[in-house]
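So that we are looking at the same thing, I have put the structure below in structure tokens.
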Amino acid sequence: QVQLVESGGGLVQAGGSLRLSCAASGRTFSNYAMGWFRQAPGKEREFVATINWSGGSTFYADSVKGRFTISRDNAKNTVYLQMNSLKPEDTAVYYCAQGRFGAFDYAYDYWGQGTQVTVSS
């Protein structure tokens with residue numbers, strides 16, 4: 001059974017930083033791409049970033065490019081999202097997902113429960 005567990009969310013002031021982690025278990029982590037998505041209140045879930053199985057390829061939403069960095073440690077079965085220069089509009093529940101490299105929901109087979117990120121102005 002695949003499990004994805006996010007951590008690292010919290011409350012931060014605008015301009016601050018947070019690092020999210022997602023620990024995966026249940027199948028061979030290094031065989032799959034990982035992604036981060038987010039959902040703000042009253043809005044649809046949106047793509048944030050994705051990383052391929054080796055970490056050699058990444059892709060970001062325009063809204064986070066240059067501020068967020070996705071990375072992975074296959075030895076630890078963990079994917080990270082380093083978020084810098086946070087803005088109030090980054091406030092959302094952040095989800096990690098496992099599957100194929102891509103920016104669309106349907107590329108991913110499994111999803112975590114999410115972690116709340118709140119950015120105050």
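Numbers here simply count residues along the sequence, with the first being 1.
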Check: W53 main-chain N/O paired with R72 side-chain donor or acceptor under 3.5 Å: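 Yes, the answer is positive, given that a donor and an acceptor are paired below the 3.5 Å cut-off.
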Candidate pair L81 and V48, rule side-chain contact (heavy atoms from CB on, under 4.5 Å), full reasoning: CA-CA 10 Å; L81 186 68; V48 175; 4.1 Å; yes
Check: L4 and Y95 side chains under 4.5 Å, non-hydrogen atoms: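 No. Closest side-chain heavy atoms not under 4.5 Å.
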CD-CD distance between Q39 and Q116, expressed to the nearest 0.5 angstrom: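 So the gap between those two atoms works out to 11.0 Å.
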Rounded distance (nearest 0.5 Å) linking atom OG1 of T115 with atom CG of L18: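 These two atoms lie 9.0 Å from each other.
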Main-chain N/O of M34 paired to T50 side chain as donor or acceptor, under 3.5 Å: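 Side chain of T50 to backbone of M34, a donor-acceptor pair under 3.5 Å: yes, one is there.
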Exam field: side chain Q13 to backbone S120, donor-acceptor pair closer than 3.5 Å: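 No, the answer is negative, given that no donor and acceptor are paired below the 3.5 Å cut-off.
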Linked, directly or transitively: V93 and Y110 (ILVMFWY side chains, under 4.5 Å):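 Unlinked, V93 and Y110 end up in two clusters.
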Shared hydrophobic cluster, V117 / V79 (ILVMFWY, side-chain heavy atoms < 4.5 Å):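 Hydrophobic grouping puts V117 with V79.
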side-chain contact (heavy atoms from CB on, under 4.5 Å) evaluation trace for R38 with D90: CA-CA 9 Å; R38 67 186 182 185; D90 294 318; 2.9 Å; yes
Side-chain (E6) to main-chain (Q113) donor-acceptor, under 3.5 angstrom: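 It does hold such a pair.
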Spacing of S30 atom OG and N77 atom CG [to the nearest 0.5 Å]: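 Going from the OG atom of S30 to the CG atom of N77 covers 8.0 Å.
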Side chain proximity check, L20 to M83, heavy atoms < 4.5 angstrom: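 Yes; the side chains approach each other to less than 4.5 Å.
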Separation of I51 CD1 from F59 CZ (nearest 0.5 Å):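 Between atom CZ of F59 and atom CD1 of I51 there are 14.0 Å.
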Within-4.5 Å side-chain heavy-atom neighbours: D105 and F47: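 No - every pair of side-chain heavy atoms lies 4.5 Å or more apart.
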Hphob cluster co-occupancy, V64 + Y94, side-chain heavy atoms under 4.5 angstrom: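 Looking at the clustering, Y94 is in the same group as V64.
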N/O donor-acceptor pair under 3.5 Å between N52 side chain and S57 backbone: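 Present.
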Pairwise side-chain contact, K76 with F29, heavy-atom cut-off 4.5 Å (strictly under):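 Sidechains of F29 and K76: no contact.
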T91 (side chain) donor-acceptor with V119 (main chain) under 3.5 angstrom: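 Such a contact is found between T91 side chain and V119 backbone.
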Shortest non-hydrogen separation from P88 to A14 and the atoms involved: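 Reported closest heavy-atom pair: CD-CB, 4.1 Å.
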Audit row: L86, F68, side-chain contact (heavy atoms from CB on, under 4.5 Å) steps and yes/no: CA-CA 9 Å; L86 282 161; F68 291 11; 3.8 Å; yes
Contact summary for A24 and Q98, nearest pair of heavy atoms: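 Closest approach of A24 to Q98: CB-NE2, 4.0 Å.
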Non-hydrogen atoms of A33 and R100 that approach each other most closely: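 For A33 versus R100, the nearest heavy atoms are CB-C, 3.6 Å.
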Note: D62-K65 ion pair, threshold 4.0 Å (strictly below):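 So D62 pairs with K65 through a salt bridge.
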Side-chain touch W111/R45, heavy atoms, less than 4.5 angstrom: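 Yes; the side chains approach each other to less than 4.5 Å.
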Ring centroid separation Y108 to F37 under 6.0 Å: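 Distance test on ring centres: under 6.0 Å, yes.
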W36-V2 co-clustered via ILVMFWY side chain contacts under 4.5 Å: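 As far as the 4.5 Å side-chain criterion goes, V2 and W36 are connected within one cluster.
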